Amino acid sequence: MRPLQSPLQARQLSEYVCNNCTRQLRRQRRRYATTTLTTSSNPDIYDVVCVGGGPAGLSLLAALRSNPATSRLKIALVESQSLTPIRSFSLPPTQFSNRCSSLTPSSVRFLQSIGAWKFVKRERVQAYREMRVWDGVSGASIDFDTAALGPGGKDGVIAYMNENLNLTSALLQRIDELGGVDVLDGQKVADIRLGEEGEDVDLSSWPVVKVSGGREITARLLVGADGANSPVRAFAGIQSRGWDYERHGVVATLKMEGPGWGGEDHKIAYQRFLPTGPIAMLPLPGSYSTLVWSTTPELAAKLKSLNEQDFVSMVNAGLRLSPTDLKYLHSMPEGQTDEATWREQHTPFETNKIPQRVVGVQEGTIASFPLKFRHADTYIGERIALVGDAAHTVHPLAGQGLNQGQGDVESLAKTIEYSVTHGQDIGVQLSLEAYNAERYAQNNLLMGVMDKLHKLYAVESGPVVALRSLGLRAVDGLGPLKGFFMKQAAGTGVKVF
Ligand SMILES: Cc1cc2nc3c(=O)[nH]c(=O)nc-3n(C[C@H](O)[C@H](O)[C@H](O)COP(=O)(O)OP(=O)(O)OC[C@H]3O[C@@H](n4cnc5c(N)ncnc54)[C@H](O)[C@@H]3O)c2cc1C
């Protein structure tokens, strides 16, 4: 395959393909024009086919379309769900979807740079400026405040809580604004195979995606943004290794007694480590919070079976009572409310160090998700790139999964831009190496830390408890070290809106 003669020539083409292929493809298309485009012998040909219209896939498409260097690539999206309800996502201001993610300032900056952030409904996004983390066994705690970031960080933001649907809806609106993406939604990937060596053009290394509607499309570069059970990863024969945590993340939208101890302008995120897993309460606008309680599948099932009042009591208890008290409450078939109230009266805690009380839970928002650790052996193959959960799945205790996906997308879009502007084939493995090199090590490090944290806090007694408490107190007392951890978690922590 000969390289492009110049980046300008590449941009003059209706889509990016090298000169040799362009001539071949034009000949082929002239032939195709006389036949139907949906037969297996006649697949449609794209520069990029992205499977998966979640946060990672949609961000990639918006990034490619919004960059003049890559905006002429011919792109298709395959998504098994219908995107129509996501596009028009709308809920009353006091109702929130139960799938929320914390977006770091770096992710928000990226979303701004691709023009998607302006479509996010800001009134549904909640910034938080402080994070309080404590050990449910020993009581040792650490407070992260943006003041620890030093000059410039004082008025900053640690992260933004946002409904995943608010994000995907905004990304879809941005893609619609940019145009130029062939969207095949409501269509599952039925099969992926390699193309054929034809008379005019050799597509034998190009993946051909067959969707459930029967259409077949061929990809110069096939992107797997198709989540933890990625069919693209399976097609590429890339192993994904890891383990199940034997934990489920219970989520719910909670109504609180007030907007929080810091009021509307200084919202605080809370996380308490229990031996069964962390319970996190993250602020939403007004007097609402979102819950992520990682616990055993049995206890998750139990929590989901409770009536509203007992569920609310268990969440309040989870942030206040000892692991022994909680074990007893979990063993009760019902009536947790009276028992928890009595036990709380006999438990000392500093009220303003823990979240305000939960007073209700929004109907239909209690759900749970199995938690796993998985990391693909590589993020690339010949004409293959994996992004987001298709490449890595992590424990949500540090709220990083979606943010890691945004980092992947930013890096892959940059790699594709480089190939386009330097006359390289965007799909060959050599062109994709830079993406793998940049993201793999970075994600691996973060995933290792999150996994170790989960394991460290699963211990209930013995010297580990004393040591981890000592560690938390030491970091809490050392301003620069704390600042370092915060910068890792939040990017530079500077306010973005
Ligand atoms: C309880 C919980 C809390 C979390 N909290 C946070 C947080 O605070 N911060 C954070 O950064 N992350 C968080 N995460 C992680 C975050 O939700 C995920 O990392 C993120 O949603 C992954 O996005 P994605 O686009 O890679 O994959 P997905 O969102 O899984 O999207 C994959 C898409 O591919 C489509 N698809 C799959 N198979 C096919 C097929 N065969 N054909 C066509 N389409 C297909 C699916 O329909 C889906 O739309 C949390 C996760 C959990 C479980």
Side-chain angles (χ1 to χ4, degrees), residues 49-61 76-83 86 97-104 106-108 126 128 131 158-165 167-168 171-172 183-192 209-213 223-235 245 247-252 269 271 277-284 290-295 300 366-372 374 376 379 386-409 443 446-447 450 489-490:
V49 172
C50 176
V51 179
L58 295 178
S59 299
L60 178 71
L61 301 188
L77 166 68
V78 180
E79 165 56 50
S80 54
Q81 293 179 52
S82 165
L83 295 175
I86 300 173
S97 148
N98 59 2
R99 285 307 305 272
C100 296
S101 293
S102 57
L103 287 173
T104 62
S106 333
S107 293
V108 173
Q126 181 60 60
Y128 59 87
M131 195 162 64
I158 294 177
Y160 299 85
M161 281 316 294
N162 184 33
E163 295 154 291
N164 290 4
L165 281 170
L167 175 61
T168 45
L171 286 163
L172 275 172
V183 178
L184 283 72
D185 63 337
Q187 302 193 50
K188 224 177 152 132
V189 168
D191 179 49
I192 309 176
V209 178
K210 183 175 183 181
V211 298
S212 45
V223 177
D226 42 359
N229 300 318
S230 168
V232 171
R233 194 184 61 223
F235 158 75
Y245 281 112
R247 293 288 184 276
H248 283 196
V250 178
V251 298
Q271 180 151 271
I279 172 168
M281 197 181 277
L282 304 143
L284 290 173
T290 183
L291 172 80
V292 183
W293 188 344
S294 311
T295 189
I366 305 174
S368 70
F369 301 90
L371 306 179
K372 326 169 181 183
R374 293 280 191 284
Y379 297 172
L386 304 175
V387 290
D389 276 20
H392 41 72
T393 314
V394 292
H395 196 291
L397 67 85
Q400 289 297 326
L402 193 150
N403 292 295
Q404 285 183 305
Q406 295 301 298
D408 297 346
V409 164
N443 285 335
L446 193 59
M447 291 172 76
M450 286 185 275

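Just so it is clear, the model here is predicted, and its values are computed rather than measured. Order of listing sets the numbers, starting from 1, for every ligand and every atom in it.
- Of the protein's non-hydrogen atoms, the one nearest atom 19 (O) of ligand 1 is D389 OD1, 2.7 Å.
- Remark: ligand 1 atoms within the under-4.0 Å shell around heavy atoms of G388 are 26 (O).
- Protein heavy atom closest to atom 38 (N) of ligand 1, with residue, atom name and distance, is D226 O, 3.8 Å.
- Per-residue contacts place G52 under 4.0 angstrom from the following atoms of ligand 1 (heavy atoms of the residue considered): 33 (C), 34 (O), 35 (C).
- Of the listed options G53, S102, C100, C100 places a heavy atom closest to atom 5 (N) of ligand 1.
- From the protein, the heavy atom lying nearest to atom 36 (N) of ligand 1 is S80 OG, 3.9 Å.
- For atom 25 (O) of ligand 1, the closest non-hydrogen atom of the protein is A56 N, 3.0 Å.
- In this structure, atom 41 (N) of ligand 1 lies nearest to the protein heavy atom P231 CG, 3.4 Å.
- Side-chain atoms of L103 and N403, non-hydrogen and from C-beta on, do get closer than 4.5 Å to each other.
- Using 4.0 Å as the threshold, P55 has a heavy atom nearer than that to some atom of ligand 1.
- The closest approach between R99 and ligand 1 falls below 4.0 Å for a heavy atom of the residue.
- Ligand 1 places these atoms under 4.0 Å from at least one heavy atom of Q81: 47 (O), 49 (O).
- Put simply, CD1 on I366 and CG on N98 are 9.5 Å apart, with the number rounded to the nearest 0.5 Å.
- For the residues G227, A269, G401, the heavy atom positioned nearest atom 30 (O) of ligand 1 is part of G227.
- Among the candidates V223, L60, V49, L83, the single residue satisfying the side chain to side chain contact (heavy atoms under 4.5 Å, CB included) test with L77 is L83.
- Considering only residues two or more places apart in sequence or on other chains, D226 meets the side-chain contact (heavy atoms from CB on, under 4.5 Å) condition with V51, S230, P231, V232, A390.
- Side-chain contact between S106 and Q406 is absent, with no heavy-atom pair separated by less than 4.5 Å.
- Taking the side-chain contact (heavy atoms from CB on, under 4.5 Å) definition, one finds that D191 meets it with R193, K210, sequence neighbours left out.
- In summary, the atoms of ligand 1 found under 4.0 Å from a heavy atom of A225, numbered by their order in the structure, are 32 (C), 33 (C), 34 (O).
- With hydrogens left out, the protein atom closest to atom 14 (N) of ligand 1 is S101 OG, 4.2 Å, a heavy atom.
- The single protein non-hydrogen atom nearest to atom 4 (C) of ligand 1 is P396 CB, 3.7 Å, given as residue, atom name and distance.
- Distance alone, capped at 3.5 Å, is enough to place a donor-acceptor pair between the R233 side chain and the A228 backbone.
- Formation of a donor-acceptor pair under 3.5 Å by the D408 side chain with backbone atoms of G388 is found in this model.
- Near V251, with a cut-off below 4.0 Å to any heavy atom, the atoms of ligand 1 are 1 (C).
- Among all non-hydrogen protein atoms, the one lying nearest atom 11 (O) of ligand 1 is L402 N, 2.8 Å.
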Problem - Step-by-step side chain to side chain contact (heavy atoms under 4.5 Å, CB included) determination, L446 to V394 - result: CA-CA 9 Å; L446 193 59; V394 292; over 6 Å; no
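- Of the possible donor and acceptor atoms, none in the side chain of Q187 sits under 3.5 Å from a partner among the backbone N and O of V211.
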